[in-house]
Asker: 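This is the structure I want to talk about, given as structure tokens.
In what follows, chains are A, B, ... by sequence order, proteins preceding strands, each numbered from 1.
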Protein chains: 8
Amino acid sequence: VIREQTLALLQQVAAGTLDPRQALDALSLAPSTQSPFATVDHHRALRQGFPEVIYGSGKTVDQVLAIAAELEPHGDGVLITRCESTLRAALGDKYPRAEINDLGRTTYIPPGDPGRVPKGKGTVLIVTAGTSDLPVAEEAAATAKALGDTVTRATDVGVAGIHRVLAHGRDLMNATVVIVVAGMDGALPSVVGGLVGTPVIAVPTSVGYGASFQGLAPLLAMLNSCAAGVTVVNIDNGFGAAMAASRITHGAAIF
Amino acid sequence: VIREQTLALLQQVAAGTLDPRQALDALSLAPSTQSPFATVDHHRALRQGFPEVIYGSGKTVDQVLAIAAELEPHGDGVLITRCESTLRAALGDKYPRAEINDLGRTTYIPPGDPGRVPKGKGTVLIVTAGTSDLPVAEEAAATAKALGDTVTRATDVGVAGIHRVLAHGRDLMNATVVIVVAGMDGALPSVVGGLVGTPVIAVPTSVGYGASFQGLAPLLAMLNSCAAGVTVVNIDNGFGAAMAASRITHGAAIF
Amino acid sequence: VIREQTLALLQQVAAGTLDPRQALDALSLAPSTQSPFATVDHHRALRQGFPEVIYGSGKTVDQVLAIAAELEPHGDGVLITRCESTLRAALGDKYPRAEINDLGRTTYIPPGDPGRVPKGKGTVLIVTAGTSDLPVAEEAAATAKALGDTVTRATDVGVAGIHRVLAHGRDLMNATVVIVVAGMDGALPSVVGGLVGTPVIAVPTSVGYGASFQGLAPLLAMLNSCAAGVTVVNIDNGFGAAMAASRITHGAAIF
Amino acid sequence: VIREQTLALLQQVAAGTLDPRQALDALSLAPSTQSPFATVDHHRALRQGFPEVIYGSGKTVDQVLAIAAELEPHGDGVLITRCESTLRAALGDKYPRAEINDLGRTTYIPPGDPGRVPKGKGTVLIVTAGTSDLPVAEEAAATAKALGDTVTRATDVGVAGIHRVLAHGRDLMNATVVIVVAGMDGALPSVVGGLVGTPVIAVPTSVGYGASFQGLAPLLAMLNSCAAGVTVVNIDNGFGAAMAASRITHGAAIF
Amino acid sequence: VIREQTLALLQQVAAGTLDPRQALDALSLAPSTQSPFATVDHHRALRQGFPEVIYGSGKTVDQVLAIAAELEPHGDGVLITRCESTLRAALGDKYPRAEINDLGRTTYIPPGDPGRVPKGKGTVLIVTAGTSDLPVAEEAAATAKALGDTVTRATDVGVAGIHRVLAHGRDLMNATVVIVVAGMDGALPSVVGGLVGTPVIAVPTSVGYGASFQGLAPLLAMLNSCAAGVTVVNIDNGFGAAMAASRITHGAAIF
Amino acid sequence: VIREQTLALLQQVAAGTLDPRQALDALSLAPSTQSPFATVDHHRALRQGFPEVIYGSGKTVDQVLAIAAELEPHGDGVLITRCESTLRAALGDKYPRAEINDLGRTTYIPPGDPGRVPKGKGTVLIVTAGTSDLPVAEEAAATAKALGDTVTRATDVGVAGIHRVLAHGRDLMNATVVIVVAGMDGALPSVVGGLVGTPVIAVPTSVGYGASFQGLAPLLAMLNSCAAGVTVVNIDNGFGAAMAASRITHGAAIF
Amino acid sequence: VIREQTLALLQQVAAGTLDPRQALDALSLAPSTQSPFATVDHHRALRQGFPEVIYGSGKTVDQVLAIAAELEPHGDGVLITRCESTLRAALGDKYPRAEINDLGRTTYIPPGDPGRVPKGKGTVLIVTAGTSDLPVAEEAAATAKALGDTVTRATDVGVAGIHRVLAHGRDLMNATVVIVVAGMDGALPSVVGGLVGTPVIAVPTSVGYGASFQGLAPLLAMLNSCAAGVTVVNIDNGFGAAMAASRITHGAAIF
Amino acid sequence: VIREQTLALLQQVAAGTLDPRQALDALSLAPSTQSPFATVDHHRALRQGFPEVIYGSGKTVDQVLAIAAELEPHGDGVLITRCESTLRAALGDKYPRAEINDLGRTTYIPPGDPGRVPKGKGTVLIVTAGTSDLPVAEEAAATAKALGDTVTRATDVGVAGIHRVLAHGRDLMNATVVIVVAGMDGALPSVVGGLVGTPVIAVPTSVGYGASFQGLAPLLAMLNSCAAGVTVVNIDNGFGAAMAASRITHGAAIF
């Protein structure tokens, strides 16, 4: 709408009904929404069907239902993360087409119009070191699916049993992006990053105790990975890792 | 100039020599410099005579001289901080009117046009806990003076000799803003903040040893000051404290 | 009363009923309340109508009611911060004129005498990055109002959608002081500090997870702000930020 | 008893009923309890009537009652710290002579024999910055009393209202040892340490929020106190501070 | 060669000159180089012309020259990072075709065979907040070029002057991957990440002082970026950021 | 089975029914389970009767029962750590031969076949500084027993009563490995490490308060032990310490 | 002099030459030097002969000589700490009676008048863990001697050779105060604190490497000492420890 | 000699020339050197030929030569660690039989009597992740050799090239103890610990930059190793790792 308002303003100038200096003042005071980015943002959303996202933690069931009711008609789908069980149940009741991931604590309401469901752009392999890392891994998986990526999984692949990593050779080679979720020593991204040339996104988890310091240990390990070109997101941030993967799989699609 | 370019563009539209849709595209692609802030920035500089600032650390004498030679003709003065002795000498040789603060490691080249020398807006009292805090305090003092503030000082005012603080009663009452520079336990801003109702800006210094951890101890103490409304800047950041003081003394002058 | 006692003592000396040396001993042993600050403190309270403040956290409802009952007759108003819902209800029942801020968890009992309600001195704009920062922002808002400042707000202004910041141009230009409340990356004060020349007080919040480390991440970011002259208060300290703002708006009023 | 056993052994050697080499082997294998310290330990307990101490935290009521029942007959008194309300009630029921400190969460069962009640050796002044520091201060007070010291108090003495510190001049001068309990900026011990020449023991508390980091801020401030000769104990360790004070007041008594 | 050795072994089995059980033992004891990854590694290098990399820091000029002399004949080019001036001069003397980046402290010896020079796969935009971040940015630039990417730059784009960011709209839109290099508050990746949908890799720098804690402040800020999907590499790790970018630009090329 | 599959494949080659190149491809794509380690792993388990381990924390009773039901038939025994009371009861009901350690929160289900019960290889002495360290010590004890080691104990051996350490001279001399469990100052491993020449494994505990920082204080102290050759495991990691001890007692047995 | 000025003022009041109200104003505006503490300070210095202290670090030889020349005539002696070799030589040349401690990097110029040399009040035993702790220990020793205490030493007394601690039984029993200087694991104060009932002051040193983190490890260990009543000063702060000891030995002497 | 003195004393008692009570007093006051440990210490040294160790860092060449001259005649050999090049040269000149390790910065002077050269007890494999870890690894190697262990090496074995780890299968299986030296992500001990059942001692190094924080990153990773039973020593502490290995190889030999 901003483009249209600006156009209307310029047409008034062209029509002689608005003085150029007055138009200048109007433009100066308006929010700078005439920047190329606002436009881009708009187009990208249309083209890619990115869902709206609600961070469920710290919100009541009623609050989330209200926000979802407002966003759902936009038609791009709605993803709710950090979504506890009663909230998941309530959303499932209201939106029977919702896809619920219990382990990942997410609920995804796909677009009502099947034509706007995001199309698959790439394959995101999610590798996890231990079973306790699964909630973070599944948050990433549910997010990646909602963003239109194909998701594959390699679970319980710890470096202390290196043959378990090596056994996933084909999966590693077939992925467009690899997300590696690990707590404790955070060693897995280094091994995976040494095996594949594709992008590797490391997610430290707060799983562990003592000198893990709530995920600080694997975070630092991953930032110091001896495999060059591994990147890192925040502790337990499965959502962010999938968003980063999506920037790669969708971004590539533009060019 | 951006305003002028935009005005020219709008005048072309008014004159019918430019199609409104083409004008829209031109606006969209231009940097959003038609925002009110660009204008404000420009005006503020004219009105206040804020000097340009060069951070001298890590630059060679020749590099700083070259940058200064480029900025000096703007006419608002040039302040060089973290400016070591050979650099101070070189600047003093080239700009005889320069004001050099050896302790604060600053050089200030005032505007050549006396009419553009910034006028005093307020009084900034700089209180220091110990003699080793003086370099940071003097960086603040030189900056505040270059910004047009009047500077008073209360030095060697440690809380372990509380009568030394109390002896500065009149100075504390006469200041528009008080900058308190302290290392070690960082206790001084709490005492000063309890004595005066004017703004108190605390600057932790890296002076001290052991569990000072390069200024972490006074930084944390100041953030936890038991005197309400004390604010804090970065460790050793005398320049930033004076800039914050100047936001208060000049800002107040506008309204 | 101390001035009066000292005066009585001096009058005894003048009357010859007290030996000067005995008077000296009496003065030496008395608390040093004859300092100028004691006087100043008293005057400032009268002139500014600063309310008394109760920090509600960790106190029972009965304890807070008792303290409020003692302070309320002083006539300068009472502000209770960190005041949970049952406490807010109890205070609202007892003082129907109380102003309750649910989000900010504050209750303000204004002076009974309308003549002593603090007069507005300046405009404090409170900018928040995300909705989870609102409790801290509202604590600041309620405090600033109780201190007699006019409060404006710009909410949900994250730097990841920079046009949302730019859209608040007029509000930013009209404020005497800007308080910026942000968690996560703590980036907002830098953007705001680059847009305005007025004082900017940054409040880091403990909102976020993982490597936020309960607000350490935005705290450090704000202390290292690339906008010169931004000052910082403690994590989640909305009250302190408003107190700092009030030091600026009221302090300016004296001179 | 070890001395007696060793003596018996030596008498056997003297009597010729034990070979010197066999005696040597016996001595080598015995715990080295023939050291002067074992003796000293024993004597000191007799001379000073130091109570036995039970750290109540993490123990059930029954566990503490059982330990107390075992220690109480030793006749030197029993002090229970970190002793929650139901435990205090149970101890009070069983030992009517027990002295209960609700705020400090301690229970002290004095010796049954009045002649073994520890005699006062010195005066310990406990200074607190804020009301939230009182639990730690009272743990120190109850401990110091159980150790035979006279306890005086100066409460709510924050450095942000420096006249409140100065008002306690006489108390400060009369104390043998001063324990200063403070959270937040930990500034109070510096002010007190600058006023008196007697030993000052600083106790940081975990009171506060944000960048206090559970007492790290005042801990670091106190370790960096600008008043020379201030010593520090662990965060919230009122018991340890009183024990340190007692080492001074009793130790002095020996020589 | 491992494939060839294994093939020879299998051919012996086929020829009946080696017992299957003996072959099994031989396979078991050999390094597991018959894994798919060894092969992949080999193929990828051929296909992409990835240079060999030498980390120059802590090595003598003679050591680096010796390693380079050994690697150069492999024909994929050699990149030397953290390469100080005398080393750059020595390499430039020996390999006149070497490309030297003084600011980034790198030397790149391209393949002697022009046919093996890596082909451009994507455009990497490197955005820097301040001039002091340039060495890290140029390390990234030199690495990305050696890896066959096209490099564009946007320098001195601080968030405290937000119009400077907005002025680079076209560059941001044209990039396949954006690397954002920033010290101090680390705010720039959040702004950039909000403007573009392509992958954003953030590099914190150790530029700054005091509470920057050698880059900890921007590192934490970037991990907590309010722009979803921003990933982070180690402090000052321009090389790693370019490697990560290359994983995206080359990886995408496979599928 | 991998060896058998590989053997079958090689036998096909020998029989001429499989082309050597096809066999090579098959080997390349298979997980590299033909490595010597897979074999070793298998052999070691048979030889040592190492139990399977379930980390109980964060799992429901039903989940643990299901995993145990799957592992128990393997015949090497099952050890469940971090196993709360209801879980211990449920396991005890189902497996009457289970050995439950309430203090150490472990349940051990020994092999049903007495011949596979692990044989004692060495003596592990577990030394604890205080009674609050006992849960960690008992986790170590239960683990060491399940691994076939003989366990001895020396409890409540604090360095503040050094004769209590010295009194355990014989126990210290008789141990193959000494595990020292301590919180607070973490001083005990240094004293023990100075008394014995056998391996000393230090376990810091999160017992304590204030500046213990959840076990950071003893962890750092132990890493800096003045007794050379003391090694350290993670905070509260009794299980890991016993595993390390078992590497020593069993490892030694092989050669 | 303040007392005298105040007395003069009161005498003017008594003489009728000064109005009581004018006197009140004069008192209000004067620094509050009429407090009991100023007097006490003065008296204490006379009584105890406390030397003046110059912290030599960061000062030129000429600066220290100038300060010393100003303080020396006060007659209480001058102590220079952190005094490097050329400074020590210069001071020794100028003041032949100066006592130089090379290891402790101190120079002490005793009072010229032998009657004002401080008299011994107590015995301070300084215990050191390793030879690298000696500079800190000797700073403490030189300070304690300058303050009039008798100093004894027990060097190289590490807890890894516990018999070396026990061998100093008599020295430990004879001391009024024990200062324990230790780096690495900081375990020594716990052992010493368990052996003696007299005050124990722990000084962590920055000796060590790796996870010592410049003395953080022993600092935390000492704060968590399992010997009750041990107090701690800043890392490497031998001067502060001796000052604390002197507060005990001199303070005790008053009562 | 202590045993002999005690025996002499007991023989006096047996001879009737010393009263048992006087003997008791003499024993009480003597250092408790009659403990079993003193004896054990002595025996162990004889039996094992452990060298004396000098930590060279911070000592002058003359100081080290003097200490070495004193220790060398003891006949057990002398090991000097952290021994810079001029010191190594000086020691090599004086003791031509000295074994110098330039990379590990050690000098070992073996016993002059070949019969006292320590005999090999076990094989210590030292695995290093990168070439920059070699100085720490070689310090461990030189120490292990001086302690009589056989040393094998596997260098440049990073987890980012996992086949390089797997290629050392035989070496790993042949070692009695494995020392793993790694900086950066500290991932290598987890991989190694998963491959072998023998003791694994992890040594973090300060190699790396940025968020390595001088070795904190690999230290935390190693403490959180997902391979159970890996133990850790201090950052860069190659000497300590070899000492720990020697406790295992020699300790095992006793039983």
Side-chain angles (χ1 to χ4, degrees), chain A residues 84-85 102-105 125 127-138 154-174 181-187 191-192 194-196 204-218 220-221 236, chain F residues 1-3 25 27-42 44-45 53-60 63-64 66-67 81-82 135-136 139 181 183 186 202-207 212-220 222-223 232-241 243:
Chain A
E84 293 313 318
S85 56
D102 285 327
L103 202 45
R105 289 157 305 155
L125 170 61
V127 184
T128 43
T131 51
S132 347
D133 301 320
L134 284 176
V136 175
E138 285 303 310
T155 57
D156 204 12
V157 178
V159 297
I162 200 66
H163 56 281
R164 290 186 290 172
V165 182
L166 300 178
H168 286 277
R170 285 239 169 259
D171 291 327
L172 287 164
M173 290 174 64
N174 287 339
V181 182
M184 303 189 77
D185 51 20
V191 172
V192 170
L195 293 175
V196 302
T205 65
S206 57
V207 166
Y209 54 100
S212 161
F213 294 120
Q214 284 80 56
L216 179 63
L220 292 183
D236 289 339
Chain F
V1 293
I2 293 154
R3 277 180 76 86
D25 285 351
L27 286 174
S28 297
L29 296 173
S32 68
T33 38
Q34 57 275 51
S35 89
F37 302 111
T39 321
V40 163
D41 240 24
H42 186 58
R44 195 188 53 183
V53 181
I54 307 171
Y55 183 75
S57 177
K59 298 201 178 71
T60 66
Q63 285 175 319
V64 174
I67 303 173
T81 63
R82 303 289 158 114
V136 176
E139 184 182 275
V181 181
V203 192
T205 66
S206 56
V207 166
S212 161
F213 294 121
Q214 284 79 54
L216 179 63
L219 170 63
L220 292 183
M222 288 167 178
L223 286 166
V232 185
V233 298
N234 200 352
I235 298 165
D236 289 339
N237 195 1
F239 169 73
M243 287 297 288

Asker: Strictly distance-based, threshold 3.5 Å: is any side-chain N or O of F:D236 a donor or acceptor partner for the main-chain N or O of A:G210?
Answerer: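 Not a single qualifying donor-acceptor pair exists.
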Asker: Considering only heavy atoms from C-beta outward, does the side chain of A:F213 approach that of F:I235 to under 4.5 Å?
Answerer: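 A:F213 reaches F:I235 side chain to side chain.
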Asker: Taking every heavy-atom pair that is under 4.5 Å apart, which of F:N237, F:T205, F:L216 has the most such pairs with chain A?
Answerer: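 Highest number of pairs under 4.5 Å: F:N237.
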